[in-house]
**Student:** 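Quick one: this structure, given as structure tokens, is what I'll be asking you about.
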Amino acid sequence: IRFRNGQTQKLFINIVHSDNLDDFSMSAADKGGGKQVHLPYSLSPPRPDRDLKDQYCMTADCAVSTYTFFQVVQNPQLLKMVVDIAADGLAERFLKGYEEVKKDFKVMERMKCKGGFPMPMSVRAELLKDKGKSAKRSMKSAAQGDAVTPSELKQMRADAKAKRAAEKAADQAVEEEPAASPSPPVEEQHTGAPRIRVPKHRLIHSGSIDLADYMEAHGHPKVATTTVPKVLRLVVELPTVKRSSDVSLEVTCNNVVVEVQDKFYLDLPLSYEVEDANGTAKFDKAKQELTLELPVVPKPPIFRPEAALSEQAALAAAEHEAKAGERRGDYEGELAEEEEAAEDGDGVGDAGADAGKDWIDKLSSAELVQEQTPPPAQ
């Protein structure tokens, strides 16, 4: 289908058949040597649908006789004629000429019927094989067998009213009868134990984080600590539970037990000690969820000495390496000054060379001492 704005949409046409429709026929044309085709058919209005790619499309049904259907399968020209007639009928009768139904098509051989089943369609009597005579006879016989006169209808209403009154009086008589001796209660026999499940749940640690704990000041190593949450929030899903009174709850400082008789049971140990007397519980009927908020007993941050010691040792090694680099730079500067002085004269140059050699020996021994000396322990 091509719209006026240039957009296109897929259209599926199911060619279906029925024995009630008349077969197509061919006769000589009034003028010329051609032939005239008489093709009875019925067309359903297009309905919205989706294709295999989940895109919106339209689907319509075109019904022909069973004989015509098998002729269409065997004759591509007859198939093209049926598709053209269906396209023109959709554009004129349902789309009202606002959209154009293109005539190019492709046969979907792997699809039996788009949408599962064709829609019911109305057919004009002259397009049927018996010209609608059987339908008229059935309507006439139904009218003769089911016809009711006004007096008979009035009598039927009176009989129905009397019947309802008699039933109501019988119900009242049963209610007024004295109650018989109560029979002993019969206990229900259960074939098996009820199925008790562990409900879906999630435990959320809620608290605050100080960014200063994760920042390292100049010259001071950061302290490795573990933050304790302020609140533990437990959310338990309880489907099929309508009232909070059906839920049994038991909370201790380190454990929570949630039970719904014959349905759910949850025994959950807590990772932190909580204040069981200050907790809150709320049941949401719409979501069928139980939410518990349990404040955690406040404790100081947990210090990890092994992590802090490793960080301090790394900081000390970095400082020691920086100082060694400064000393190495001083040695190289003094050596450069001696070489410049040696260039001014021969005697001075010899003395400068000897002095430079001494400085090289000192620099090598200093580097060797630095490599062998371990960093100071703190």
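What you see is a predicted model, and the numbers here were worked out from it, not measured in a lab. Start at 1 with the first residue, then count along the sequence. Computation of the quantities below employed the complete heavy-atom set of this structure, encompassing side-chain atoms and omitting hydrogens, waters and symmetry-equivalent molecules.
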**Student:** Step by step, would you call L268 with V257 a side-chain contact (heavy atoms from CB on, under 4.5 Å)?
**Tutor:** CA-CA 6 Å; L268 182 66; V257 177; over 6 Å; no
**Student:** Does a side-chain heavy-atom distance below 4.5 Å link V274 with N254?
**Tutor:** no
**Student:** Between K114 and D61, is the salt bridge (charged side-chain N to carboxylate O under 4.0 Å, His left out) condition met? List the steps.
**Tutor:** CA-CA 9 Å; K114 186 71 173 71; D61 302 319; over 6 Å; no
**Student:** Going hydrophobic residue to hydrophobic residue with side-chain gaps under 4.5 angstrom, can you get from L294 over to L249?
**Tutor:** yes
**Student:** Which value, rounded to the nearest 0.5 Å, describes the distance between S244 atom OG and D284 atom CG?
**Tutor:**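 CG of D284 is found 11.5 Å from OG of S244.
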**Student:** Counting N and O atoms only, with roles assigned by atom type, does the side chain of D49 sit under 3.5 Å from a partner on the main chain of M58, one being a donor and the other an acceptor?
**Tutor:**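 No, because the side chain of D49 does not come within donor-acceptor range (under 3.5 Å) of the backbone of M58.
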**Student:** What distance separates L127 CG from N20 CG, expressed to the nearest 0.5 Å?
**Tutor:** 12.0 Å
**Student:** Taking the side chain as every heavy atom from C-beta outward, state whether E275 and P298 have any atom pair closer than 4.5 Å.
**Tutor:** yes
**Student:** Are the side chains of R233 and T291 in touch, meaning some heavy atoms are under 4.5 Å apart?
**Tutor:**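 R233 vs T291: side chains touch.
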**Student:** As an exercise, state the distance from CD of E259 to CD of Q261, rounded to the nearest 0.5 Å.
**Tutor:**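 Atom-to-atom, E259:CD and Q261:CD are 7.5 Å apart.
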**Student:** For the CD atom of E100 and the NZ atom of K103, what is their distance to the nearest 0.5 Å?
**Tutor:** 8.5 Å
**Student:** Less than 4.5 Å apart, side chain to side chain, heavy atoms only: is that true for L238 and E289?
**Tutor:** no
**Student:** Taking side chain as C-beta onward, heavy atoms only, is L11 less than 4.5 Å from V101?
**Tutor:** yes
**Student:** Would you kindly confirm whether I204 and L292 end up in one hydrophobic cluster when ILVMFWY residues are joined by side chain heavy atoms under 4.5 Å apart?
**Tutor:** no
**Student:** I'd like to know if K80 and D104 make a salt bridge, using a cut-off of under 4.0 Å between side-chain N and carboxylate O.
**Tutor:**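 Result for this pair is no, no salt bridge flagged.
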**Student:** If you measure from the Lys or Arg side-chain nitrogens to the Asp or Glu carboxylate oxygens, is any gap between K129 and D19 under 4.0 Å?
**Tutor:** no
**Student:** Heavy atoms only: give me the nearest V247-R243 pair and the separation to one decimal.
**Tutor:**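 Smallest heavy-atom distance, with atoms named: CG2-O, 4.2 Å.
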**Student:** Do Q288 side-chain atoms and T240 backbone N/O form a donor-acceptor pair below 3.5 Å?
**Tutor:** yes
**Student:** Tell me the closest heavy-atom pair linking L43 and C62, and the distance in Å.
**Tutor:** CD1-CB, 3.8 Å
**Student:** Salt bridge check, E237 against K287: does any charged N sit closer than 4.0 Å to a carboxylate O?
**Tutor:** no
**Student:** Got a sec: does the CZ of R124 have more than 12 other heavy atoms crowding it under 6.0 Å?
**Tutor:** no
**Student:** Do F24 and H38 make a side-chain contact, defined as non-hydrogen atoms from C-beta onward lying under 4.5 Å apart?
**Tutor:** no
**Student:** Hey, does the side chain of H205 reach the backbone of L203 with a donor-acceptor pair shorter than 3.5 angstrom?
**Tutor:**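 No, the answer is negative, given that no donor and acceptor are paired below the 3.5 Å cut-off.
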**Student:** Do F105 and F69 share a hydrophobic cluster, counting only Ile, Leu, Val, Met, Phe, Trp and Tyr and linking them when any side-chain heavy atoms are less than 4.5 Å apart?
**Tutor:**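 Linked, F105 and F69 end up in one cluster.
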**Student:** Does N14 reach the main-chain N or O of V16 with its side chain, forming a donor-acceptor pair under 3.5 Å?
**Tutor:**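 Checked: no pair found.
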**Student:** Are any of the side-chain heavy atoms of V260 and Y265 separated by less than 4.5 Å?
**Tutor:** no
**Student:** Using distance alone, with no hydrogens and no angle criterion, decide if T68 and D23 have a side-chain donor and acceptor under 3.5 Å apart.
**Tutor:** no
**Student:** State plainly whether the residues K10 and D51 are in salt-bridge range, i.e. N to O under 4.0 Å.
**Tutor:**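 The answer is yes: the pair qualifies as a salt bridge.
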**Student:** Step through the shown structure and confirm whether more than 12 heavy atoms of other residues, nucleotides or ligands are within 6.0 Å of CD on E167.
**Tutor:** yes
**Student:** Above 12 or not: heavy atoms from other molecules or residues under 6.0 Å from CE of M119?
**Tutor:**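 For M119, atom CE is not crowded (no more than 12 foreign heavy atoms under 6.0 Å).
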**Student:** Carefully, step by step, assess L39 and V82 under the rule side-chain contact (heavy atoms from CB on, under 4.5 Å).
**Tutor:** CA-CA 9 Å; L39 179 62; V82 172; 3.9 Å; yes
**Student:** Which heavy atom of V107 sits nearest to which heavy atom of L79, and what is that distance?
**Tutor:** CG2-CD2, 3.9 Å
**Student:** If hydrophobic clusters are built by linking Ile, Leu, Val, Met, Phe, Trp and Tyr wherever their side-chain heavy atoms come under 4.5 Å apart, do L234 and V228 end up in the same one?
**Tutor:**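 Same cluster: L234 reaches V228 through Ile, Leu, Val, Met, Phe, Trp or Tyr contacts under 4.5 Å.
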**Student:** What are the two closest non-hydrogen atoms of P46 and A60, and how far apart are they?
**Tutor:**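 Smallest interatomic distance, heavy atoms only, reads CA-CB, 4.2 Å.
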**Student:** Going hydrophobic residue to hydrophobic residue with side-chain gaps under 4.5 angstrom, can you get from V37 over to V73?
**Tutor:**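 Yes, V37 and V73 fall within the same hydrophobic cluster.
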**Student:** Compute the centroid of each ring, for H17 and then for Y67, and state whether the two points are separated by less than 6.0 Å.
**Tutor:**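 Not under 6.0 Å, so no.
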**Student:** Please test Y272 against V297 for side-chain contact (heavy atoms from CB on, under 4.5 Å), starting from the C-alpha separation and ending with a verdict.
**Tutor:** CA-CA 8 Å; Y272 297 96; V297 176; over 6 Å; no
**Student:** Is there side-chain contact between V256 and L270, with heavy atoms separated by less than 4.5 Å?
**Tutor:**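 Side chain of V256 against side chain of L270, heavy atoms only: contact under 4.5 Å found.
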**Student:** Given the ring of Y56, does R50 sit roughly above its face, with NZ or CZ under 6.0 Å from the centre of the six-membered ring and within 45° of the axis?
**Tutor:** yes
**Student:** Show, in sequence, the C-alpha distance, side-chain angles and deciding distance for Y41 and L21, and conclude whether the side-chain contact (heavy atoms from CB on, under 4.5 Å) test is met.
**Tutor:** CA-CA 7 Å; Y41 72 97; L21 285 171; 5.9 Å; no
**Student:** Is T8 reaching over with its side chain to a backbone N or O of I1, donor-acceptor style, under 3.5 angstrom?
**Tutor:**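 Absent.
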**Student:** Return the SG to CE distance between C113 and M108, rounded to the nearest 0.5 Å.
**Tutor:**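 Those atoms lie 12.5 Å apart.
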**Student:** Quick check for you: to the nearest 0.5 Å, what is the distance between R2 atom CZ and Q7 atom CD?
**Tutor:** 11.0 Å
